[in-house]
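Being a predicted model, the structure only gives us computed values, none of them experimental.
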Amino acid sequence: CDRFIDSTLAYQVYGKGVNKSLVDSVHKYILGGIKPDLTFILKVDISKALQRLNQRRMKNRYDKFSGNFYNKVQKAFIKIAKTNKKRYLVIDNSRDSKEVEKVILEKIITVLNR
């Protein structure tokens with residue numbers, strides 16, 4: 001899936017200030033011990049990310065937040081990724097989309113071949 005518990009932590013807890021204990025309790029209740037085997041964190045300069053957002057035709061409510069919000073969220077994702085380096089892969093998303101897709105696909109193939 002393209003969003004999971006890490007996104008909830010980054011956006012709601014670190015970005016919006018929702019109580020982390022509450023979010024952790026909800027995750028534990030709903031998911032039990034289910035966690036992703038592999039998570040990709042796409043890191044990009046916030047100004048570049050905002051340029052990309054401005055080019056979107058259809059915007060959701062998260063696309064309208066400030067650069068400060070996105071900076072907090074990205075820092076949160078990086079912090080989360082440091083907790084388990086085997087499960088997370090941080091990728092420079094400022095590159096061409098095809099290059100990023102190639103890196104992701106190669107990692108998925110490697111994991112599936114294990």
Side-chain angles (χ1 to χ4, degrees):
C1 66
D2 68 343
R3 301 282 187 269
F4 204 63
I5 59 176
D6 299 323
S7 292
T8 304
L9 289 173
Y11 281 86
Q12 272 68 36
V13 174
Y14 296 104
K16 299 296 279 177
V18 175
N19 182 286
K20 185 177 184 306
S21 295
L22 172 66
V23 171
D24 288 342
S25 294
V26 171
H27 284 159
K28 185 176 180 179
Y29 178 78
I30 293 172
L31 301 170
I34 296 173
K35 290 187 178 178
D37 295 318
L38 179 62
T39 300
F40 297 100
I41 306 291
L42 303 179
K43 182 180 176 183
V44 67
D45 180 83
I46 298 302
S47 61
K48 187 166 190 155
L50 292 173
Q51 287 174 349
R52 289 176 180 173
L53 287 175
N54 287 332
Q55 293 173 357
R56 286 187 184 171
R57 289 186 197 150
M58 301 284 290
K59 292 183 173 56
N60 65 46
R61 65 187 182 113
Y62 287 101
D63 295 340
K64 299 173 185 174
F65 290 134
S66 71
N68 184 49
F69 172 82
Y70 294 113
N71 193 39
K72 287 194 291 188
V73 169
Q74 180 163 267
K75 285 181 180 179
F77 274 118
I78 301 305
K79 179 180 178 179
I80 292 166
K82 288 180 180 178
T83 65
N84 183 344
K85 293 182 180 184
K86 289 183 179 183
R87 192 184 102 182
Y88 294 92
L89 180 61
V90 179
I91 300 170
D92 177 7
N93 194 28
S94 61
R95 299 181 289 177
D96 176 68
S97 294
K98 294 295 179 191
E99 289 178 49
V100 173
E101 290 170 10
K102 182 179 177 188
V103 170
I104 292 171
L105 181 60
E106 287 172 355
K107 182 64 175 181
I108 291 171
I109 290 168
T110 299
V111 170
L112 290 174
N113 284 332
R114 285 189 200 156

Among the clusters formed by ILVMFWY side chains lying less than 4.5 Å apart, do Phe40 and Ile109 turn up in the same one? no
Nearest 0.5 Å please: distance from the CD1 atom of Ile104 over to the CG atom of Leu42. 5.0 Å
What residues, two or more places apart in sequence or in another chain, satisfy side-chain hydrogen bond (donor to acceptor under 3.5 Å, both in side chains) together with Asn93? none
Over all heavy atoms of both residues, which pair between Lys35 and Ile5 is shortest? Give the atoms and the distance, please. CG-CD1, 4.3 Å
Which residue pairs satisfy the side-chain hydrogen bond (donor to acceptor under 3.5 Å, both in side chains) criterion with at least one member in residues 12-34, sequence neighbours excluded? Gln12-Tyr62, Lys20-Asp24
In the single-linkage hydrophobic clustering (I, L, V, M, F, W, Y; side-chain heavy atoms under 4.5 Å), do Val103 and Phe77 co-cluster? no
Are Phe65 and Val73 linked, directly or through other ILVMFWY residues, by side chains that come within less than 4.5 angstrom of each other? yes
Is there a path of hydrophobic side-chain contacts, each under 4.5 Å between heavy atoms of I/L/V/M/F/W/Y residues, joining Leu9 to Leu89? no
Quick one: side-chain contact (heavy atoms from CB on, under 4.5 Å) partners of Val90, sequence neighbours excluded? Ile41, Lys43, Ile78, Ala81
Contacts of Ser47 meeting side-chain contact (heavy atoms from CB on, under 4.5 Å) (sequence neighbours excluded), chain-then-number -> Asp45
Parallel, tilted or perpendicular: which one describes the rings of Tyr11 and Phe69, with boundaries at 30° and 60°? tilted
Please examine the side chains of Phe4 and Ile34, heavy atoms only from C-beta on, and report whether any two atoms are closer than 4.5 Å. yes
Hydrophobic cluster identity match, Ile91 and Leu105, side-chain contacts under 4.5 Å: no
With no hydrogens and no angle check, just 3.5 Å: does a side-chain donor-acceptor pair link Ser94 and Asp92? yes
Per the side-chain hydrogen bond (donor to acceptor under 3.5 Å, both in side chains) rule, what does the pair list look like for residues 98-107, sequence neighbours excluded? none
Is the shortest distance from a Lys or Arg side-chain nitrogen in Arg87 or Asp6 to a carboxylate oxygen in the other one below 4.0 Å? yes
Flag the pair Asp37 / Val111 as yes when at least one side-chain heavy-atom distance between them is below 4.5 Å, and no otherwise. no
Kindly write out the residues that satisfy side-chain contact (heavy atoms from CB on, under 4.5 Å) with Leu112, not counting sequence neighbours, or none if the list is empty. Ile108
